[in-house]
Structures are given as structure tokens and as C-alpha cells.
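The structure presented is a predicted model; accordingly, all values stated were derived computationally and were not measured. To find a chain, count down the sequence lines: A is the first, B the second, and so on, and within it residues start at 1.
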Number of protein chains: 2
Amino acid sequence: MSGTAGAAGEREAAIATIQRELTAFARRSRAAAARMHPELSLVSFTLLAHLEDSGGCRGTDLAAHYLLDKSTVSRQVAALERAGHVERRSDPEDHRMQLLHLTEQGEQVLARAADRRSQAFHARLGDWEPAELERFAAYLTRYNDAAG
Amino acid sequence: MSGTAGAAGEREAAIATIQRELTAFARRSRAAAARMHPELSLVSFTLLAHLEDSGGCRGTDLAAHYLLDKSTVSRQVAALERAGHVERRSDPEDHRMQLLHLTEQGEQVLARAADRRSQAFHARLGDWEPAELERFAAYLTRYNDAAG
DNA sequence: CTTGATAGATGTACTGTACAACTACTTCTT
DNA sequence: AAGAAGTAGTTGTACAGTACATCTATCAAG
């Protein structure tokens, strides 16, 4: 009896820790990104990264992928265009939509920000064993898949 | 040679995955909190939870702990007070500072939000093995400790 | 008693975000 | 072919969260 109660308690405790630590991380992330690469907010970084990964997509795709309102994306993209990081190309087949793609400058800015992010992550994970990294990566992926 | 290159590559890949998944989580967290408990934003929740954990503290302590500007905390606390979730008590020893503590209503609102958060986490982690939960919790704690 | 430190509030400004209403275009239906 | 319905994107408006600079009140140390 006390055995199962103890096991349930450990389970509770582990979940509480996960909740607390993930929340702490979430709280810090924007400010940390702002410190790491002030020229590119976390959201801008994410959108540019998606454009790079996808090789160009529409605003609607960004909105759907990140659960953002299309107006939010519209303004973000407008700002990124103003900054010279993205370009829009009208589709001759369908004049409603515009394909967004990175400019060369956008690629460079993204690369620099990605580099600084990567350095920060490497610094924090530098002394982890390969097997630990693999497991952590797998756990996070599994968690996010369940959340999304 | 190819052996070490492969190991380094796996390491890189794991770190990249961790980076991607943590970023994805951070991006979603605020909106998720807003959906989960609309009456208490992620930040408000965090501040109330800290007041509960600490059993009452000063605005400055909150600012230091969460790396927020004191003006931000001042306004957040003012809003929480307006909502009836916290009360301030002047210290007769030092009239500069005010001890913040939860009201009974604040405790209830916090408890409800915490409950809904907890349910969401349990739902996502329900089918994890105890050993997996322990390791995930330990990894997150280790990561955050390195980041802070 | 002045000087400097500390706690907090306020003025101002900017970012990210949503919702609603609008325009422009495309596709479907009759 | 004409009108209805759907889709992509923009714009008006509003709000939350945040920072920085500045101000007030208080305390502490010389």
C-alpha cells in the first residue's frame, strides 16, 4: 500500500517539477532572445527560420503553423519586409497570395541569430553525455507532440 | 575518423532538436496559458505562485527573481491588487516596503489555475513511465540551472 | 544634516497579439 | 455567365506585458 502511494507521489513530484521548470523556461525565453539577438525578436526569428526551412511560404501558412492570427502575421511580415529581411513575390496563378522568401540580408541576419542561439545552447549543454542529449531531445519532442 | 564525426553529428543533431523543441514550447506557452486559465495570465500566475511559495514577499524580490523591471512588477501587482488577488501590508519597521501576500480569493483563483495547468500536464504526461518522468524532470532542472 | 541607497510609482513608448471589418481575388453553384 | 461563398491579406482598434527614465518617500551612514 505504502509502496504504490510512494510511486504515485514520485510521479506527482516529477510532473510538478516538469511543470515548474518548463514554466520557468517559457517565462525567460523572450527576454533571453532579446538579449541574445536584439535585432531579431523570438517571433521574428521563428518566422524567418520557418521561411528558411520551408524555402518560402505564404503568410497563411505561418499563421496556421504558429497558431497566430493572420493580422499578426501580416504585421510581422510587413516589419520584416521593411527591415529588408523578407521579400514577397506574387503568384501569377493566384493574385490573392504572396510567396514570402528570405532576402540575402535576411539569411545573414537569421544565420547570425541562429549562431548566437546555438552557442548559448551549446554552452548550457556542453557537459552533457551524448545519451543524455538524445534522451532529452526525445522527451521534449514527445512532450511537444502531445501538446500540439 | 568517421566514427568521431558521426558522434559529433549526433550530438549536434540532438542539441538542434532540443533548441527547436524548447523554442516551440516557449512560443506557445503564453497563448496556452491564456486558453487554459483566461482569468490569470502566465505572468500573473507565476507571481501569485511565488507569493504562495514564499509566503509573502516584496515587489523587489519578485523583480529580482523573475528578472523583471520593478516598474513592470509594480504594475502587475497593482493589477493583481485591483483584482483582489493580493494585499499589501506596510512594514512598520521600514515604510519604504510593502509585504505582498495572497488574499483568500487570490489563493482560490491561483488554486483553480494551478489545477487546470496540472491537469493539462498530466494529460500530456499521462502515458509516461515513472523513470522517464524522473529523467525528464531532472534534465529540465539541470538545463534551467545552467541557464540561470 | 547631507549624501547616497532602496522601494516603489508614474510617464512614455514599443512589441506582440487578437478580433472585427474591409478589399481583392478565386472557386463553386446554379 | 452571374452571383454566392470562400480565401489571402491589410487595416482599425484595443489590450497585455515590458522597459527605461524619472520622480517621491524613506532609510542608513558619514
Side-chain angles (χ1 to χ4, degrees), chain A residues 23 26-48 51 56-83 85-101, chain B residues 23 26-48 51 56-83 85-101:
Chain A
T23 302
R27 213 188 326 102
R28 288 194 208 120
S29 53
R30 272 165 207 258
R35 256 174 282 126
M36 226 180 312
H37 39 76
E39 76 285 4
L40 215 57
S41 75
L42 182 61
V43 174
S44 301
F45 172 82
T46 301
L47 296 183
L48 290 190
L51 286 182
C57 68
R58 301 170 306 165
T60 292
D61 300 330
L62 294 174
H65 196 263
Y66 295 114
L67 296 181
L68 292 170
D69 193 82
K70 58 188 178 157
S71 66
T72 301
V73 171
S74 174
R75 284 181 232 268
Q76 288 286 332
V77 168
L80 289 171
E81 188 188 27
R82 231 177 294 125
H85 298 337
V86 312
E87 276 173 2
R88 40 219 327 166
R89 187 154 34 85
S90 293
D91 184 341
E93 302 288 298
D94 187 338
H95 287 235
R96 285 173 305 183
M97 67 188 183
Q98 306 156 6
L99 235 68
L100 306 170
H101 58 101
Chain B
T23 303
R27 215 189 322 103
R28 288 192 209 125
S29 53
R30 270 165 209 258
R35 255 174 281 125
M36 229 180 310
H37 39 77
E39 76 286 3
L40 216 55
S41 76
L42 183 60
V43 174
S44 301
F45 172 81
T46 301
L47 296 184
L48 290 190
L51 286 183
C57 69
R58 301 171 305 166
T60 292
D61 300 329
L62 294 174
H65 196 263
Y66 295 114
L67 296 181
L68 293 169
D69 193 83
K70 57 187 177 158
S71 65
T72 301
V73 171
S74 174
R75 283 181 233 269
Q76 288 286 331
V77 167
L80 289 172
E81 189 189 26
R82 231 176 294 124
H85 298 338
V86 312
E87 277 173 2
R88 35 214 337 162
R89 187 154 34 85
S90 293
D91 183 341
E93 302 288 298
D94 187 338
H95 287 236
R96 285 172 305 181
M97 67 188 183
Q98 306 153 6
L99 234 69
L100 306 170
H101 60 102

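In this structure B:Ser71 satisfies the side-chain hydrogen bond (donor to acceptor under 3.5 Å, both in side chains) test together with B:Asp69, sequence neighbours excluded. By the salt bridge (charged side-chain N to carboxylate O under 4.0 Å, His left out) test, A:Asp91 is found to be paired with no residue, residues two or more places apart in sequence or in another chain being considered. Legend: residues meeting salt bridge (charged side-chain N to carboxylate O under 4.0 Å, His left out) with A:Arg75, ordered by chain and number and at least two apart, are absent.
How far NE2 of A:His85 is from CG of A:Leu48: 6.5 Å, rounded to the nearest 0.5 Å.
Taking every heavy atom of both residues into account, A:Gly59 and A:Leu100 meet most closely at N-CD1, 3.7 Å. In terms of heavy-atom proximity, B:Arg30 sits nearest to A:Arg27 at NH2-O, 4.5 Å.
The side-chain contact (heavy atoms from CB on, under 4.5 Å) test with A:Leu68 singles out one residue from A:Val73, A:Thr46, A:Leu62, and that residue is A:Val73.
Within 4.0 Å (heavy atoms only), B:Thr60 reaches sugar-phosphate atoms of the nucleic acid but no base atom.
Here the range on DNA chain C touched by chain A, meaning any atom under 4.0 Å from one of its heavy atoms, is C:dG16 to C:dT26.
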Identify each donor-acceptor pair in which a side-chain atom of residues 31-42 of chain A lies under 3.5 Å from a protein atom, sequence neighbours left out, and give them as a table.
unit_1  : atom_1 : unit_2   : atom_2 : d
A:His37 : ND1    : A:Ala33  : O      : 3.4
A:His37 : ND1    : A:Leu40  : O      : 2.5
A:His37 : NE2    : A:Arg117 : NH1    : 3.2
A:Ser41 : OG     : A:Val43  : N      : 3.4
A:Ser41 : OG     : A:Ser44  : N      : 3.1
A:Ser41 : OG     : A:Ser44  : OG     : 3.1

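Atom C1' of nucleotide D:dA16 and atom CZ of B:Phe45 are separated by 18 Å, given to the nearest angstrom.
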Study note, to complete from the structure: Expected string for nucleotides 18-30 of chain D under the B/S/- scheme (protein heavy atoms, under 4.0 Å, primed atoms plus P, OP1, OP2 as sugar-phosphate) is SBBB----BS---
